[in-house]
Amino acid sequence: MLARGSWKWTYALPAAVAGAALLLVSSLWGVAALALAAFVVWFHRDPERTPEGRGVLTPADGKVSVIRETDDGRLRVGVFMNVHDVHVNRAPLAGTVEAVEHRDGGHRPAFDKESERNERVRVTCDDYEVVLIAGAFARRIHPYVEPGDDLARGDRISHISFGSRADVILPREYDRDDLLVENGEKVSAGETVVARRSPKRE
């Protein structure tokens with residue numbers, strides 16, 4: 001299964017066309033170009049996912065690269081997506097989309113401190129937010145949702161082409177005692193639970 005709308009994107013097409021043409025001239029370059037096209041198609045894969053129990057899901061595949069408090073005191077968990085990770089993003093919790101805001105910016109590496117100035121899309125849902133951040137090679141963020149959409153936990157909400165980062169800003173009632181992950185930990189979108197309230201605290 002490929003990411004939603006990927007048939008509209010032409011990332012693989014130039015390499016495939018070039019590869020077919022180059023095969024007539026050089027088998028080495030032709031095969032290399034076709035391999036690149038195959039990689040781009042593979043990159044846009046969209047596997048099914050099942051949550052690993054209750055709690056806040058990670059919105060992205062990759063490694064946890066950010067755990068910190070926001071200016072208003074909420075907990076932020078960021079996940080850096082490498083080029084080999086699935087780049088389809090998912091809803092951490094159920095909710096209704098209140099806003100989808102795009103902000104222009106740079107394209108610094110998504111793990112860099114300067115990435116705070118990068119291009120991004122902020123999806124606000126009830127009491128949590130997902131921030132999709134473009135990286136050095138990620139030049140397109142493709143939101144799947146719009147204001148008014150009702151989301152189930154784990155629903156697909158966007159796709160980012162190539163390296164990037166996705167952060168979840170947790171509801172206010174969550175704190176560091178509720179975290180189940182740490183920096184550097186590998187996580188899977190729609191499966192890995194990053195935070196969970198204990199029954200006594202809910």
Side-chain angles (χ1 to χ4, degrees), residues 1-4 43-100 110-111 115-116 120-135 138 141-145 149-160 163-202:
M1 185 173 177
L2 296 179
R4 185 187 307 175
F43 174 87
H44 289 91
R45 67 200 185 281
D46 181 12
E48 293 294 334
R49 295 289 172 81
T50 302
E52 299 172 346
R54 63 182 181 84
V56 182
L57 299 172
T58 174
D61 277 28
K63 288 187 177 181
V64 177
S65 60
V66 175
I67 296 177
R68 62 177 174 82
E69 282 76 20
T70 63
D71 291 341
D72 62 357
R74 291 189 290 171
L75 198 58
R76 184 180 195 127
V77 179
V79 177
F80 173 70
M81 292 173 274
N82 216 320
V83 70
H84 54 72
D85 293 312
V86 173
H87 276 55
V88 174
N89 308 120
R90 293 176 178 261
L93 294 165
T96 300
V97 178
E98 295 182 351
V100 179
F111 55 81
S115 66
E116 293 302 319
R120 64 191 55 214
V121 170
R122 180 182 296 266
V123 180
T124 303
C125 298
D126 297 333
D127 55 354
Y128 73 90
E129 298 177 18
V130 176
V131 184
L132 309 165
I133 304 170
I141 302 173
H142 304 273
Y144 297 166
V145 298
D149 286 351
D150 290 322
L151 299 176
R153 180 169 167 264
D155 276 356
R156 297 168 175 88
I157 60 172
S158 68
H159 176 87
I160 309 178
S164 45
R165 198 178 97 202
D167 296 2
V168 56
I169 301 175
L170 277 60
R172 294 185 184 279
E173 62 266 24
Y174 286 81
D175 58 32
R176 287 182 178 264
D177 290 336
D178 300 313
L179 282 179
L180 301 179
V181 295
E182 56 186 25
N183 272 313
E185 186 169 338
K186 187 79 170 68
V187 294
S188 298
E191 287 185 342
T192 307
V193 177
V194 297
R196 179 185 296 135
R197 299 273 291 172
S198 68
K200 293 181 179 180
R201 298 184 62 186
E202 291 180 337

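On a predicted model such as this, the values are computed, not experimentally measured, just so you know.
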Undergrad: Looking at R68 and D167, is there a salt bridge between them, counting it only when a charged N and a carboxylate O are closer than 4.0 Å?
TA: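 Judged by the 4.0 Å cut-off on N to carboxylate O distance, D167 and R68 do not form a salt bridge.
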Undergrad: If you measure from SG on C125 to CG on D150, what distance do you get to the nearest 0.5 Å?
TA: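 Reported to 0.5 Å precision, the distance equals 10.0 Å.
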Undergrad: What pair of heavy atoms forms the shortest contact from A91 to A152, and how long is it?
TA: CB-O, 3.8 Å
Undergrad: What is the distance from atom NE2 of H142 to atom CG of N89, rounded to the nearest 0.5 Å?
TA: 11.0 Å
Undergrad: Show the numbers, then the answer: is there a side-chain contact (heavy atoms from CB on, under 4.5 Å) between V88 and R49?
TA: CA-CA 11 Å; V88 174; R49 295 289 172 81; over 6 Å; no
Undergrad: Rounded to the nearest 0.5 Å, what's the gap from CD1 on I141 to OG on S158? Could you check?
TA: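 Interatomic distance, I141 CD1 to S158 OG, rounded to 0.5 Å: 8.0 Å.
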Undergrad: Under 4.0 Å between a Lys/Arg side-chain N and an Asp/Glu carboxylate O for R90 and D61?
TA: no
Undergrad: Could you check whether any side-chain heavy atom of H87 comes within less than 4.5 Å of a side-chain heavy atom of D85, counting everything from C-beta outward?
TA: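 They are in side-chain contact.
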Undergrad: Step by step, would you call M81 with L132 a side-chain contact (heavy atoms from CB on, under 4.5 Å)?
TA: CA-CA 11 Å; M81 292 173 274; L132 309 165; 5.9 Å; no
Undergrad: Should D72 and R172 count as an ion pair when the cut-off is N to O under 4.0 Å?
TA: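 Here D72 pairs with R172 in a salt bridge, since their nearest N and O are under 4.0 Å apart.
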Undergrad: Counting C-beta onward and ignoring hydrogens, is there a side-chain heavy-atom pair between R176 and I67 closer than 4.5 Å?
TA: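 Touching, per the 4.5 Å side-chain cut-off.
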Undergrad: Using a 3.5 Å distance criterion without hydrogens, assess whether the side chain of R165 forms a donor-acceptor pair with backbone atoms of G78.
TA: no
Undergrad: Nearest 0.5 Å, please: how far is CG in L57 from CD in E52?
TA: 8.5 Å
Undergrad: Is the shortest side-chain heavy-atom distance between V123 and P143 below 4.5 Å?
TA: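 No - every pair of side-chain heavy atoms lies 4.5 Å or more apart.
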Undergrad: Compare all side-chain heavy atoms of V121 with those of V100 and state whether any distance is below 4.5 angstrom.
TA: yes
Undergrad: Donor-acceptor pair, distance only, cut-off 3.5 Å: does the side chain of R54 make one with the backbone of R196?
TA: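 Checked: no pair found.
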Undergrad: Using every non-hydrogen atom in the two residues, find where Y128 and L93 come nearest and quote the distance to one decimal.
TA: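 Heavy atoms of Y128 and L93 come nearest at OH-O, 2.7 Å.
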Undergrad: For residues A195 and Y174, report the shortest heavy-atom separation together with the two atoms involved.
TA: CB-CD2, 3.9 Å
Undergrad: Could you measure the distance from the CG atom of D175 to the CD atom of E69? Nearest 0.5 Å is fine.
TA: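 Taking CG in D175 and CD in E69, the distance rounds to 9.0 Å.
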Undergrad: Could you tell me whether E48 and R156 make a salt bridge, using a distance below 4.0 angstrom between a side-chain N and a carboxylate O?
TA: yes
Undergrad: So how far is it from D127 CG to E129 CD, rounded to the nearest 0.5 Å?
TA: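 Reported to 0.5 Å precision, the distance equals 10.0 Å.
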Undergrad: Are R120 and I133 close enough, and set up right, to give a side-chain contact (heavy atoms from CB on, under 4.5 Å), and what steps lead you there?
TA: CA-CA 4 Å; R120 64 191 55 214; I133 304 170; 4.0 Å; yes
Undergrad: A side-chain contact here means heavy atoms from C-beta on lying under 4.5 Å apart; do V131 and R76 qualify?
TA: yes
Undergrad: Run the numbers on T58 and V168 for side-chain contact (heavy atoms from CB on, under 4.5 Å), then give the verdict.
TA: CA-CA 7 Å; T58 174; V168 56; over 6 Å; no
